[in-house]
2 protein chains.
Amino acid sequence: MNIQFKKGVLEICVLSVLAHKDCYGYELVGEISKRIDISEGTIYPLLRRLKDEGYVTTYLQESVEGPPRKYYRLTESGRTEEHDQKEEWMRFASSVNALLEGTTDAAD
Amino acid sequence: MNIQFKKGVLEICVLSVLAHKDCYGYELVGEISKRIDISEGTIYPLLRRLKDEGYVTTYLQESVEGPPRKYYRLTESGRTEEHDQKEEWMRFASSVNALLEGTTDAAD
DNA sequence: GTAAGTACCTTGCATAGCAAGATACTGTGT
DNA sequence: ACACAGTATCTTGCTATGCAAGGTACTTAC
C-alpha cells in the first residue's frame, strides 16, 4: 500500500472512528487496520497532535487484559473538525477521480 | 486544500495526464490545476523523479511564446505504472470511504 | 528599458508515516 | 521461578513529498 496516500487521511479516519465511539490507541490500530494498514508508531504521535489541538480529551481506564488503557473522546471542536475534514476528503477524492477519468477516457 | 492529501496523488495525476498526451511541465501545472492546486516547485522535482525511474522520456521543442519546452512522454514502463497506481488509488479511496461511512452510519 | 507572460530550475522548510526499539502489565506453560 | 506471548503505552531517527521563495532566460508589448 502506497504510504504517501495515507498522509493526512489517517487523521480523518481516527476522527471518524472516534465520532462513533471512544477508543484507546491500540484499539484504533485494530479498527482502522481492517481497511487501511496503520502502525503504532503512527497512531500515538497522531493522537498526541489531536489532543494538542483540542480535538480530543483523554481518560484512563483499568483493564483486566493488560496495562491501563488511555481512551480518547472527541470534543465539540473535534466533531466540527471531523465533519469539515470529511467534506474536504470527499471533495478531494472526487477531484482526483475526475482528473484520472477525464484525462484518459478519450485515450482509452 | 489539505496539502497532505496530495502526497503521492500528484504523481498518479501526472502519469494519467501523460497517458493522454505528451506535455511540458508548465502545461501540466495548468492541466492539473483545473482540479487540484499544484505549484511549479512541485512539478519539476516530480518530473525529475519520473524520469530517473524510467517512467518518462523527454524531448525539447521550440516555442514562439517563450523559451523551449521540455516535453515528457510516457514509456511502456510508465504506462504500466500509471495503470497500477490508478488501481491502487481506487482501492485506497474506496477503503477510506468505507471506513468513513461504516464508522458513522450507526451514530448519525 | 521595463514590465508581463511563458518556461525552466533549485534550495530550505514543514509535515506525516513507519520501523525499530523501550517500557510494563497479565496470563499461560514448563 | 522463568520464559513467552498478548496487551498497551510511548519515543527516536529516518524517509518521502509538497511548497514558498527565489533565480534564470526568452518573447512580446508598451
Distance in angstrom units between [X] [atom1] and [N] [atom2], rounded:
X	N	atom1	atom2	value
B:Ile43	C:dT10	CD1	C1'	16 Å
B:Leu28	C:dT6	CG	P	16 Å
A:Ile36	C:dG17	CD1	P	11 Å
A:Gln61	C:dC25	CD	C1'	16 Å
B:Ile3	C:dC13	CD1	P	17 Å
B:Phe5	C:dG17	CZ	C1'	15 Å
B:Met1	D:dC19	CE	C1'	14 Å

Return the set of residues passing side chain to side chain contact (heavy atoms under 4.5 Å, CB included) with [X] (not counting sequence neighbours), or none when no residue passes.
X	result
A:Ser39	A:Thr42
B:Asp84	B:Thr80
B:Asn2	A:Glu88, B:Gln4, B:Phe5

Subject >> Sequence-aligned protein contact record of nucleotides 6-17 of chain D, with B where the base is within under 4.0 Å of a protein heavy atom and S where only the sugar-phosphate is >> reply: -BBBBB----SB
Which atom pairs, one a donor and one an acceptor, fall under 3.5 Å between side chains of residues 90-100 of chain B and the rest of the protein, sequence neighbours left out?
unit_1: B:Ser94; atom_1: OG; unit_2: B:Met90; atom_2: O; d: 3.4
unit_1: B:Ser94; atom_1: OG; unit_2: B:Arg91; atom_2: O; d: 3.2
unit_1: B:Ser95; atom_1: OG; unit_2: B:Arg91; atom_2: O; d: 3.1
unit_1: B:Asn97; atom_1: OD1; unit_2: A:Trp89; atom_2: NE1; d: 3.0
unit_1: B:Asn97; atom_1: ND2; unit_2: B:Ala93; atom_2: O; d: 3.3

**OP:** Could you walk me through whether A:Lys86 and A:Leu15 pass the side chain to side chain contact (heavy atoms under 4.5 Å, CB included) test, one step at a time?
**Re:** CA-CA 9 Å; A:Lys86 189 180 284 185; A:Leu15 290 172; over 6 Å; no
Solution key, residues 55-62 of chain B side-chain donor-acceptor pairs under 3.5 Å, sequence neighbours excluded:
unit_1: B:Tyr55; atom_1: OH; unit_2: B:Glu81; atom_2: OE1; d: 3.3
unit_1: B:Thr58; atom_1: OG1; unit_2: B:Lys51; atom_2: NZ; d: 3.1
unit_1: B:Tyr59; atom_1: OH; unit_2: B:Asp22; atom_2: OD2; d: 2.7

